[in-house]
Structure formats: C-alpha cells, structure tokens
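Right, one structure below, let's go through it.
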Amino acid sequence: MADRPKWFQTTAIDYPNSRPHIGTAFEKVGADVQARYRRMEGYDVFFLMGNDENTVKVSKRAAELGLDTQAYCDDMARQFREVWDALDISYDVFVQTSTERHKECARAFIQKVNDAGYIYKGSYEGWYCDGCESFKTEKELENGNCPIHKRPVTKRSEPCHFFKLSAFTDRLLKFYEENPDFIQPESRRNEIISLIKTDGLYDVNITRRGEAWGIRVPFDPEFTIWVWFDALLTYITGIGYGDDRAMFDRFWPCDTHFIGKDITRFHCALWPAMLWAAGEKPPTKVFGHGFVNFAGDKISKSRLEELKKKGLDYLLEPMEIIRKFSAEAFRYYFLRECPYPSDGEISPDRFIDVFNSELANNLGNLLSRTITIPTKNYGGSLPDTAGKTPEPVVPGLDLAAFVETVRGHVEACRYNLALQTIVQDFLTPTNQYLEANAPWKLVKTDKDAAARVLFNAVQSLRVASILLKPFIPRSAEAIYTSFNFPKPWAEVRYTDAAVLSAQPDDLRVTAELVDGKPKPLFPRIG
RNA sequence: GGCGGGGUAGCUCAGGGGUUAGAGCAGUCGCUUCAUAAGCGACGUGUCGCCGGUUCAAUUCCGGCCCCCGCUACCA
C-alpha cells in the first residue's frame with residue numbers, strides 16, 4: 001500500500017435542506033467513475049463525501065419539522081447515504097459537519113489561521129431585514145425591500161471577523177498561471193481569473209453573531225464560524241487533519257475536488273487561500289461539472305408542479321429512477337447523455353432511447369447472441385480455443401490506441417465521449433463482424449471456423465466490460481463473468497483491455513442460463 | 001452594462017478558407033432470423049443565426065446586428 005500512488009478526491013458537501021436530487025446525484029456518479037477508475041489502475045483511493053450542516057437554515061428547517069437539529073441532520077445524512085448507496089457510489093467516508101470531531105478540527109484550523117495573523121476583527125455593514133433577522137445582499141433586494149417580507153431593509157453594521165483573502169490575490173493569480181490544470185474545465189478557469197483581475201479580491205466576513213447552531217469561534221465564542229469556512233474544511237478534517245497527521249500527509253493535497261460549477265469561486269480562490277493561511281498546500285485540481293436540466297428547462301417550482309401533473313416528477317427523484325429502472329441505467333444515462341463538464345438534460349423519451357439503443361440493443365443483445373450460439377452448438381465450450389490468441393474483429397482498429405483514447409476521456413472526465421467511443425468504435429463494429437461472418441450459418445458448414453468467429457467476438461465483450469467497469473460496475477461484472485476469462489474481475493485494469501491474449505482453457509460460457517438462454521442483461525424499457 | 005461561451009439535419013452534437021458539410025438517435029425501405037420485435041445494409045433532408053466585407057473561393061476569416069447561456073463575491 002505504501003508504494004502505491006494515492007488518489008484523494010471529494011465531492012461537494014451537500015446542504016441537507018432537502019433530499020438529494022438528480023443534479024447532486026449527477027455529481028456523485030461522475031466522481032464515482034473517477035474513483036472506480038483510479039482503484040482499477042492501482043491507486044490507493046480515498047473518496048470523501050459529506051453533508052454541510054452548520055447553517056442556520058438547517059436549524060430553521062429542523063424547527064419547522066419540530067425536530068431537534070442534530071436529529072434532523074442525522075436523518076438527512078441517512079437519507080443521502082441511502083441514495084448514494086443505491087447508486088453504488090463507492091465513497092470511503094461520509095463526513096457530517098455537525099460531528100464533534102469535525103468541529104474540533106475546524107476550531108483548530110481557524111485558530112491556526114488567526115495565530116498566523118490572517119484574521120482581524122472589523123465590522124460588517126449591510127442591509128438588514130428585521131423579519132428575516134438576517135442581512136440581504138444588494139442583489140436580493142427588490143426596490144430596496146426584502147423580497148420575502150416586502151418591506152424596507154435597514155442599514156446595519158455589526159462586529160465580525162474578516163479573513164484576509166485580499167492578501168492572497170497575487171499568489172492566487174500566480175498559482176493559476178503555474179498550474180493551468182488547477183481549474184477544470186478551462187472556461188471556469190477563465191472566469192475566475194478574469195473576475196480576480198477585474199474586481200480583485202475582498203476580505204471576507206467569516207463569522208456570524210448570535211446563532212445557537214454552528215461552530216464557536218475559539219478565540220471569540222460570541223461568534224460562530226461562517227458555513228463556507230467550515231464546510232470547506234470537511235475536505236481535510238475527513239482525512240485526519242487535526243488528529244491524524246500521518247493520514248493527512250498521506251492523502252493531502254486533494255487530487256480532485258468535484259463540485260458544481262456554481263461554487264467554483266469558493267473552491268478556487270477562498271479555499272487555497274485558507275490553506276495557505278494555515279500553512280497547508282492547496283488542492284491539485286478543482287473540477288466544476290455542469291448541471292442537469294429537465295427537457296431543456298431549469299427545474300423551478302412551477303416546472304415541478306407541471307411535471308407532477310404529467311406524472312413525470314419521478315425523473316427528478318433519484319430513488320424513483322432507480323426503482324423504476326436500475327442504478328446502472330441511471331448511471332449510464334447521465335454519464336452518456338450529459339457531458340460532465342457542461343450541462344445536460346433528462347427527458348423521459350431520451351432516457352428510453354439511450355437505454356434501449358445502447359444498453360439493450362447494442363451491448364445487451366451482443367452478449368445474448370454470443371452466449372446463445374456457443375451454448376446451442378458447442379455445449380457452451382468453444383473447442384480448440386485454449387492457447388489460441390483471438391484475432392481482431394474491428395477492421396483497422398489499433399486496440400491499444402483505442403484503449404488510450406478511452407482512458408484519456410475518463411481521466412479528463414469526458415465520460416460521455418468515453419462511452420460514445422466504446423459503443424460506436426467498438427461494440428457496433430463487433431455486431432457488424434458477427435453479421436459479416438454469420439457464425440449461426442457457418443456452424444452448419446464449418447464448425448471449427450464458426451467457433452473461431454465466436455471466440456474472436458467474445459473478446460470484444462471482455463474488452464468492453466473492462467472499459468465499462470467504472471461506469472456500470474455491476475453490469476460490466478455480469479458481462480465479464482459470463483465467460484471463463486482467466487484474470488479475476490477484481491484485478492482487471494485498462495491495460496488488460498488493450499491486448500488480445502491467449503488463455504489456458506477453452507473459452508466457455510459461464511453465465512447462468514434458463515432453458516439454454518441467458519436472461520437479458522438490459523431488458524428493453526418503455 | 002462588462003467579460004466569456006454558443007447559435008450546423010426532427011433531436012443531441014462534431015467539424016472547419018476549397019471537390020457532393022458529418023456522427024449518433026429518431027424516420028423510410030430492404031436483408032437477416034444467432035439474439036432482448038434485437039442485428040446488418042441503403043435512403044432523405046440542412047438558405048451551417050441575420051447583414052455586409054476580404055478572397056478565385058466562406059458555413060469556416062473580419063466587422064456589425066439579433067438570440068441563447070455562464071460569470072459579475074459573502075446565498076448554500
């Protein structure tokens with residue numbers, strides 16, 4: 001373990017105001033592909049997720065439901081994890097920021113930043129609404145009125161603690177320049193850079209006064225720590241910051257923070273500055289993924305009502321999609337149809353199209369036909385194939401280069417292109433190969449030749465299942481274990497997909513059969 | 001308003017100064033029947049946002065305009 005390279009990644013820490021929706025699920029699924037891919041490739045992976053609970057809104061929501069805030073948080077955390085588990089998200093730790101351990105680590109961190117001189121006491125001046133008992137930003141105001149209470153806000157100032165973010169302006173710009181891959185995709189990087197260059201960075205108020213729920217500021221207990229300052233710390237408290245330096249040093253800096261494109265600024269400017277202030281390294285990469293819309297529209301309250309009327313609101317609730325179809329179908333749809341770096345959309349028709357054409361018709365049916373023909377004609381075992389090296393079935397395809405193309409897409413989180421490449425450049429040609437050689441006919445005239453055709457075609461399923469492992473782990477395993485490929489599934493790597501090699505035994509169908517036929521891996525839907 | 005990205009087949013998008021502008025899906029027709037009514041083949045369509053300019057030649061370059069999207073700091 002010690003000599004394996006490490007891979008530490010996180011997803012955004014979710015705000016448990018409501019149940020997880022398809023947008024948050026999209027983020028987790030994309031991150032999960034990366035975690036699974038890195039594990040396959042031999043990395044010592046640590047995948048962190050969690051919920052961001054130390055905010056007034058959470059305690060208000062709990063109060064509305066008549067629940068103790070902690071009990072509410074714990075229940076929401078349970079609900080979130082239930083969805084992530086159902087989607088086979090392979091996280092290693094799930095951090096709740098309301099736990100005492102996180103709070104202690106956060107207090108240690110802010111104390112350190114304060115000791116280093118990056119925090120100073122000042123006063124925050126803003127527009128205050130008595131009804132909301134909170135400050136409003138200029139943007140929120142409607143003609144100078146509180147948008148909720150429709151009455152004028154008043155100028156008010158109160159003491160607070162500022163973090164000297166401005167002190168890191170030049171260092172951040174230099175950092176972005178020296179680490180061009182720090183912010184992905186590039187469009188996000190350009191936004192942040194131009195923002196800082198035009199407006200500069202201001203010091204930020206990192207405390208709130210007079211709130212019962214939250215983490216006390218150790219050097220001034222009248223205050224609690226502003227949620228963002230605390231939430232970001234999850235990324236380090238979850239890997240031992242504050243009480244397990246060895247583990248922290250093993251995994252930090254973070255290799256990729258997966259986040260929504262809306263919070264890139266916090267992760268790309270505030271977060272590195274906070275870490276520098278505490279004497280730690282900044283993360284290696286921040287990936288701001290896109291959003292999921294519903295059939296072209298943003299998911300607003302009115303849109304939701306409309307969908308409910310049409311009975312389509314299930315498509316917004318991950319658990320419903322999983323129940324109706326499967327976690328694998330969910331994963332495949334979003335990974336294939338929504339480009340991870342930019343926005344995508346879900347629509348009922350499209351979901352059915354993608355599932356049927358690629359999973360059922362192309363991949364699933366290819367598996368069925370390559371299992372059935374050997375079973376019917378050879379008792380499931382292809383004679384004289386032991387020790388033989390399969391021949392390529394895709395004309396003109398350099399298998400090693402093809403695998404590297406897919407790998408490049410996976411590493412850059414271009415999951416849709418990775419899947420497109422696998423299906424179009426590999427699976428479809430395999431179906432064409434079968435059509436061209438028609439082993440179901442050939443078997444009547446030349447049984448040996450037909451066996452070789454099948455032997456070759458089956459290799460495509462071995463290759464595809466390996467490449468698909470991070471995307472649809474359960475289905476990929478089902479495909480791989482439908483034949484007696486020698487390498488254990490747990491040990492396959494992408495490089496195994498890049499070569500066609502002989503195996504010691506005759507190729508044999510090992511899939512479970514009912515009346516000589518496999519049950520469809522992806523039964524058509526709709 | 002400022003900065004950035006984009007407007008290409010019914011849909012999602014790729015492409016890019018030059019012979020007939022591409023892919024997948026959907027559609028139509030044919031072949032096939034090993035297979036999940038799956039597979040394979042063939043076929044169609046596009047004023048490549050609008051208006052000008054540069055050029056032998058522009059959808060591709062330049063300018064203007066229209067439309068869409070993102071960012072524009074303390075809300076997670």
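Chain letters run A, B, ... following the sequence lines, proteins first, then strands; residues in each count from 1. Since the structure is predicted, the reported quantities are computational estimates derived from the model, not experimental observations.
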> With rounding to whole Å, what would you report as the distance between B:U33 and B:C25 at their P atoms?
Replying inline: 23 Å

> Hey, is the side chain of A:Asn365 pairing donor to acceptor with the base of B:A35 inside 3.5 Å?
Replying inline: yes

>> Need one value for A:Leu521: base, sugar-phosphate or nothing, where a base atom within 4.0 Å counts as base even if backbone is also close, heavy atoms only.
In response: base

> Should A:Leu172 and A:Leu201 count as side-chain neighbours, where that means a heavy-atom distance under 4.5 Å?
Replying inline: yes

>> Please tell me if A:Gln432 has a side-chain N or O lying less than 4.0 Å from either OP1 or OP2 of B:G41.
In response: yes

> A:Tyr15: what forms a ring pair (Phe, Tyr, Trp, His ring centres under 6.0 Å) with it, not counting sequence neighbours?
Replying inline: none

>> Under 4.0 Å, counting only non-hydrogen atoms across every strand here, what does A:Lys519 touch: a base, just sugar-phosphate, or nothing?
In response: nothing

>> Counting the atoms with a prime plus P, OP1 and OP2 as sugar-phosphate, which does A:Thr428 contact under 4.0 Å by heavy atoms, base, sugar-phosphate, or nothing?
In response: sugar-phosphate

>> Need to verify one output field. Residue with the more 5' nearest nucleotide on RNA chain B, A:Ser357 or A:Thr370?
In response: A:Ser357

> Quick one: is the NZ or CZ of A:Lys164 closer than 6.0 Å to the six-membered ring centre of A:Trp276, and within 45° of its axis?
Replying inline: no

> Expressed in whole Å, how much space separates the C1' atoms belonging to B:G15 and B:G4?
Replying inline: 22 Å

> Looking only at atom P, what distance separates B:A58 and B:U19, rounded to whole Å?
Replying inline: 12 Å

> Taking only N and O in the side chain of A:Trp226, is any of them less than 4.0 Å away from OP1 or OP2 of B:A76?
Replying inline: yes

> Does the side chain of A:Glu191 reach to within under 4.5 Å of the side chain of A:Ile183, using non-hydrogen atoms?
Replying inline: no

> Distance between the C1' atoms of B:C61 and B:U45, in whole angstroms?
Replying inline: 29 Å

> Which residue, A:Glu435 or A:Ile196, contacts RNA chain B at a nucleotide closer to its 5' end, judged by nearest heavy atom?
Replying inline: A:Glu435

> In whole Å, what separates the P atom of B:G70 from that of B:C13?
Replying inline: 15 Å

